[in-house]
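Report on the following structure.
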Amino acid sequence: MTVDGVGCEVDEPAVLWLGYVMPRSMADRVFKLDTQPAIQTQKFGLSCIGALRIAYSTLLLASTCPIQNYPLGRKIFFAGKKFEIDGMPGLMLAFVNILGIKHVTRFVSCVITLAPYIHVRRVKLIYLHGVHSPYLFFATLVRCLGVRTIAVLTDPPGVILPTDGFLSRSLKMVDTYLVRRLLRRCAGVVALAPGLVEKLAADSPNLVFPGILEGEFSRLAVQDIDHKTEGNDEFTIVYAGGLNARYGVDRLLEAIRGLDPKIAVRLKLFGRGDQERSIVDAAKHDKRIVYGGFVDTAVLIPEFLSADLLVNPRPTDASFVSLSFPSKLIEYLSTGCPVLTTRIPTIPAEMQAYFNFIEDETAKGIGNAIICAMKSDRASLHERAARGRDYVRNEFSQEALGRKMRMFADNLGLGQRS
């Protein structure tokens, strides 16, 4: 039995994850180079490979570093290299991080580096993360080798950002068209929202679920966590994630500033985004607002556990809302802490019973929802949160979703059992 250059037995059946996962040390370096680090992309990728390694005997990884185009991402050339995550071997693909050139070089890197590797390892199934056209072109190309692809859809393609210029906007429109065409060649899709399937792959076999519980939160979820049910002098609210206006962070800030100063409340915010400067400025003038910075999960978990309320103020009228699901909601629920959120349309009906909802999404409405939560019976709030924690543990653990993804692939005739 021979061994390839990454150290795996060639004769063993293998499945490939093609996406953006990075070892932690590499991720820390890449995130520091980016004004909008792809934290959730990394988290979801790690959760998915954790699920798939349970479902398949051998899982191989191939990635490119997720980063915005230069100069927003402060590095141009990314070299190819081998890496490993929890014993799973991976290939990091080289590319040039310049608008337009990025897509071309990523595709070329797939052809030159990844195609021979797939052939040698006899890979017959690829789980492809995202709606990245170079990956999808490559997946279409390797169909001639008998390789089938399941696309894992987390967000819509071609999202226009405020920082995009005319050329970038034009290229994104073309890319969106190509993605829709290429997805038809995939054997099936896994999606985090029904709207993604309807918009991008309506005729494809599909599996829909809102997310996977990330590793550290998954380990937390199986513990019996006791939260205080007695009132404290100060009511602590925590928000973690993208600190962007499109996620409602500006309204959340305004809501806290609009509360009566006599109300003992504190808002802690963690992450990065276009509201970061506003948060820092607000914190200087209002002691009720605290900016905790950009921190990793190990720091976030204690903050979540010590909070009285976890909040998600994402507006429901934005065009992208029906096409995505905030992964933070699953993380929030896993802690057993009460969660306050807007009525995101992608929240599954069976999950809604575990949330407290913001009915009026204005700053004043968010403030009123916070006051309502403060006045609610603390024991009842935590009883609902505890049921939500158990639900997430049972339905969205890596073990549960690994089984679902494997069954979905097997039903498509893509089983890899030896």
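Checked by atom type and distance alone, the side chain of Asn206 never pairs as donor or acceptor with a backbone atom of Val197 at under 3.5 Å. Checking side-chain atoms of Asp410 against main-chain N and O of Gly413 turns up no donor-acceptor pair under 3.5 Å. Distance alone, capped at 3.5 Å, is enough to place a donor-acceptor pair between the Asp377 side chain and the Ser380 backbone. For Thr113 (side chain) and Cys110 (main-chain N/O), no donor-acceptor pair under 3.5 Å exists by modelled atom type. Checked by atom type and distance alone, the side chain of Thr140 pairs as donor or acceptor with a backbone atom of Leu136 at under 3.5 Å. Judged purely by atom type and a 3.5 angstrom limit, Ser133 has no side-chain atom pairing as donor or acceptor with the backbone of Val179.
Relative orientation of the Trp17 and His129 rings is tilted, given thresholds of 30° and 60° on the angle between their planes.
Ion pairing between Arg387 and Glu383 holds under the 4.0 Å rule for side-chain N and carboxylate O. Looking at Lys364 and Glu254, no side-chain N of the basic residue comes within less than 4.0 Å of a carboxylate O on the acidic one, giving no salt bridge. Ionic pairing of Lys43 and Glu216 is not present here: no N-O contact between side-chain nitrogen and carboxylate oxygen is shorter than 4.0 angstrom. Ion pairing between a basic and an acidic side chain is recognised when a charged N comes within 4.0 Å of a carboxylate O; Arg393 and Asp390 show such pairing.
The structure places CG of Leu253 at 10.5 Å from OH of Tyr239, a figure rounded to the nearest 0.5 Å. From Leu93, atom CG reaches atom OG of Ser63 across 7.5 Å, with rounding to the nearest 0.5 Å. With values rounded to the nearest 0.5 angstrom, Met92 atom CE is found 9.0 Å from Leu61 atom CG. Here Leu196 contributes atom CG and Thr154 contributes atom OG1; the two are 7.5 Å apart, rounded to the nearest 0.5 Å. In this structure, the separation between CD1 on Ile263 and CZ on Arg288 is 8.0 Å, given to the nearest 0.5 Å. In this structure, CG on Asn312 lies 3.5 Å from OG1 on Thr341, to the nearest 0.5 angstrom.
In this structure, Arg106 is positioned above the aromatic face of Phe95, its NZ or CZ under 6.0 Å from the six-membered ring centre and within 45° of the axis. In this structure, Arg384 forms no cation-pi arrangement with Tyr354, as its terminal cationic atom is not both closer than 6.0 Å to the ring centre and no more than 45° off the ring axis. Figure legend: Lys75 and Phe78 shown as a cation-pi pair, the cationic atom lying under 6.0 angstrom from the six-membered ring centre and within 45 degrees of its axis. Cation-pi check for Arg246 over Phe320 is met; the charged atom lies under 6.0 angstrom from the ring centroid and within 45 degrees of its normal.
Between Arg53 and Ile49, the closest side-chain pair of non-hydrogen atoms is not below 4.5 Å. Within the 4.5 Å cutoff, no side-chain heavy atoms of Phe355 are placed close to those of Leu340. Contact of the Glu361 side chain with the Ile366 side chain is not registered, since no non-hydrogen atoms from C-beta on lie closer than 4.5 Å. The shortest distance between side-chain heavy atoms of Met351 and Leu333 falls below 4.5 Å. At a threshold of 4.5 Å between non-hydrogen side-chain atoms, the residues Ile344 and Arg314 count as touching. Side-chain atoms of Thr335 and Arg389, non-hydrogen and from C-beta on, never get closer than 4.5 Å to each other. In this structure, Leu52 and Arg406 have side chains that are not in contact, with every pair of non-hydrogen atoms separated by 4.5 Å or more. Here the side chains of Leu16 and Ile118 are in contact, with some heavy-atom distance below 4.5 Å.
Residues Leu183 and Ala151 approach most closely at CD2-CB, 3.7 Å, considering heavy atoms. Closest approach of Phe217 to Ser334, counting heavy atoms only: CD2-OG, 3.3 Å.
Checked by atom type, the side-chain pair Glu214/Ser47 shows no donor-acceptor distance below 3.5 Å. Under the 3.5 Å distance criterion, with hydrogens and angles disregarded, a donor-acceptor pair is assigned to the side chains of Glu276 and Tyr291. Inspection of the Asp155 and Ser324 side chains reveals no N or O donor paired with an N or O acceptor under 3.5 Å. In this model, a donor atom of one side chain and an acceptor atom of the other lie less than 3.5 Å apart for Asp34 and Gln68.
The six-membered or imidazole ring of Phe304 lies near that of Tyr332, with a centre-to-centre distance under 6.0 Å.
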- Task: Go through Thr64 and Tyr135 one step at a time and tell me if the side-chain hydrogen bond (donor to acceptor under 3.5 Å, both in side chains) criterion holds.
- Result: CA-CA 10 Å; Thr64 53; Tyr135 284 174; 2.8 Å; yes
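With Phe396 as the fixed residue, the ring-ring contact (aromatic ring centres under 6.0 Å, His included) test singles out one of Tyr391, Phe209, Phe44: Tyr391.
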